[in-house]
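Input: a single structure, listed below in structure tokens.
Note on naming: letters A, B, ... go to the chains in the order of the sequence lines (proteins, then strands), and numbering restarts at 1 for each one.
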Amino acid sequence: MAELTLEVIALPEFETQASMENGSISVRLRGSADLAARKPLESLLHGVHSESQRLKARRVVIDLTELEFMNSSCFKSFVTWIEEVQNLDAGAQYRITFISNPATHWQRRSLKALSCFAADLITLES
Amino acid sequence: MDGSPKGHAAYFEMSFYPNVELVSTVRRFVLNAYQRLFLDPEIADQVALATHELLENAVKYSQDDVTHFRVDVVRHQDRGEVIITTKNRANADDVRNLEQNITELRGSDDPFAFYQQKMREAARREHSGLGLARVRAEAEMEMTCEMSGELVVIHARGTYPMRHHDG
């Protein structure tokens, strides 16, 4: 079985982990996603998109439960990625689930904005 | 609060060298202050998010290595008006773009619909350009700007329920 190949981000204030199980890719974000994280995050999401197609993943789970903050530049990286998924043929699209932390209050409105941007693709869980 | 300007529940101001890595440190500091002032922890998070976005913009575009930043919280009975002010020098192109962005922002009646429109535009370009629309939609703050040559002053204002005042 093909293995997931994704770079890991390990910045002083922001890091990620990724895994694949039962046809789903999971990516866990931890720390503060600010300007220093923008380029690595953009690259990671590009990799997630490529790997999702290569491995025919049905779902990508983005776990934000340990994400303290995300600035608008990093938020934009998600917007670009989601639009790339929207642009795939229906049969090639995969679902995206965001897992939020109810105690990290900014996530509620930011994720609402993302889910409205692509209501047919995105599921929110907490 | 002794010696405070009339009606102020709190204010703080800083001037700092534009190191973007300091912005998250400042956000954590102001979040702690907002959590003490506002009734709803979600409001504290939203205003901290607004502070981060505005400060990051100011630092990113600062031309002369100095960014000034001030937050005023003015009590009006059980509500508090937050005014975040950033001041920096920027180049002529950035000043012009900022002025256009704020005019466009203030011309839209629906902050959330405007935010969605900006997200669609941002998806296809390199830079984000989402910060101000995010502040308006998520933190429910209105923005104005003053330009004087290279000097840019941004004010963001929002009013929220405050904690009970014992003093």
Side-chain angles (χ1 to χ4, degrees), chain A residues 11-15 29-39 41-43 45-46 49 64 67-88 96 100-122 126, chain B residues 18-28 30-31 34-35 38 40-57 59-61 101 110-141:
Chain A
L11 298 174
E13 295 229 17
F14 179 68
E15 58 186 42
L29 277 54
R30 185 178 294 130
S32 184
D34 54 24
L35 271 185
R38 185 179 72 90
K39 283 282 179 193
L41 182 62
E42 199 177 281
S43 173
L45 293 175
H46 185 73
H49 188 58
L64 306 179
L67 185 69
E68 176 194 345
F69 184 74
M70 184 190 293
N71 74 357
S72 57
S73 301
C74 291
F75 186 76
K76 184 262 180 198
S77 302
F78 278 95
V79 171
T80 299
W81 169 49
I82 290 163
E83 200 196 55
E84 283 176 5
V85 183
Q86 283 180 317
N87 289 340
L88 293 173
I96 300 169
S100 66
N101 182 346
T104 307
H105 302 279
W106 63 267
Q107 291 183 1
R108 190 178 69 82
R109 290 190 183 202
S110 294
L111 291 179
K112 181 188 167 201
L114 274 185
S115 68
C116 288
F117 183 70
D120 51 337
L121 289 180
I122 293 176
S126 56
Chain B
N19 179 346
V20 292
E21 289 162 15
L22 286 176
V23 175
S24 287
T25 305
V26 174
R27 185 193 69 247
R28 292 182 185 112
V30 297
L31 175 62
Y34 296 146
Q35 284 166 341
F38 296 109
D40 181 346
E42 185 164 335
I43 288 169
D45 257 31
Q46 287 159 12
V47 181
L49 179 148
T51 307
H52 184 111
E53 294 290 359
L54 294 168
L55 198 52
E56 199 172 83
N57 266 357
V59 168
K60 207 162 49 178
Y61 297 115
N101 286 345
D110 184 337
F112 192 77
F114 183 77
Y115 188 24
Q116 291 285 307
Q117 177 198 324
K118 286 286 149 189
M119 286 167 65
R120 282 189 292 276
E121 293 170 13
R124 298 182 188 91
R125 67 179 177 221
E126 175 64 21
H127 76 282
S128 158
L130 283 176
L132 298 181
R134 188 184 193 199
V135 168
R136 188 171 179 233
E138 294 192 25
E140 299 179 25
M141 300 189 94

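In this structure, chain B has no heavy atom under 4.5 Å from any part of A:Ala36. Only the side chain of A:Glu13 comes within less than 4.5 Å of a heavy atom in chain B; its backbone stays farther off. With a 4.5 Å cut-off on non-hydrogen atoms, A:Ser77 does not touch chain B at all. Using a 4.5 Å cut-off between heavy atoms, A:Glu68 touches chain B through its side chain atoms alone. Contact annotation for A:Ile82: neither backbone nor side-chain heavy atoms come within less than 4.5 Å of a heavy atom of chain B. Within the 4.5 angstrom heavy-atom criterion, atoms from both the backbone and the side chain of B:Glu126 approach chain A. Neither the backbone nor the side chain of B:Ala133 comes within less than 4.5 Å of any heavy atom of chain A. Looking at B:Glu56, only its side chain comes within 4.5 Å of chain A, counting heavy atoms on both sides.
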**Study point:** Pair B:Leu49-B:Arg134, side chain to side chain contact (heavy atoms under 4.5 Å, CB included): steps then yes or no
**Key:** CA-CA 9 Å; B:Leu49 179 148; B:Arg134 188 184 193 199; 3.6 Å; yes
Review point. Does the pair A:Glu83 and B:Arg125 meet the rule for a salt bridge (Lys or Arg N to Asp or Glu O under 4.0 Å), with working shown?
Key: CA-CA 12 Å; A:Glu83 200 196 55; B:Arg125 67 179 177 221; over 6 Å; no
Review point. What's the verdict on side chain to side chain contact (heavy atoms under 4.5 Å, CB included) for A:Ile96 and A:Trp81, showing C-alpha distance, side-chain angles and the deciding distance?
Key: CA-CA 11 Å; A:Ile96 300 169; A:Trp81 169 49; 3.8 Å; yes
Exercise for review: Give the intermediate values and the outcome of side chain to side chain contact (heavy atoms under 4.5 Å, CB included) for residues A:Leu64 and A:Asn101.
Suggested key: CA-CA 7 Å; A:Leu64 306 179; A:Asn101 182 346; over 6 Å; no
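In this structure, the side chain of B:Thr51 engages the main chain of B:Val47 through a donor-acceptor pair within 3.5 Å.
One side chain, B:Glu138 or A:Ser110, offers a donor N or O that lies under 3.5 Å from an acceptor on the other. Remark: the A:Ser43 side chain and the A:Lys39 side chain contain no N/O donor-acceptor pair separated by less than 3.5 Å.
Taking chain A as the reference chain and counting heavy-atom pairs below 4.5 Å, the highest number among B:Ala139, B:Pro41, B:Gly131 is found for B:Pro41. Contact count versus chain A (heavy atoms, under 4.5 Å) is highest, among B:Lys118, B:Arg124, B:Glu21, for B:Arg124. Counting heavy-atom pairs under 4.5 Å between each of B:Gln46, B:Met119, B:Arg120 and chain A puts B:Met119 at the top.
Classified by interplanar angle (parallel below 30°, tilted 30° to 60°, perpendicular above 60°), the ring pair A:Phe75/B:Tyr115 is parallel.
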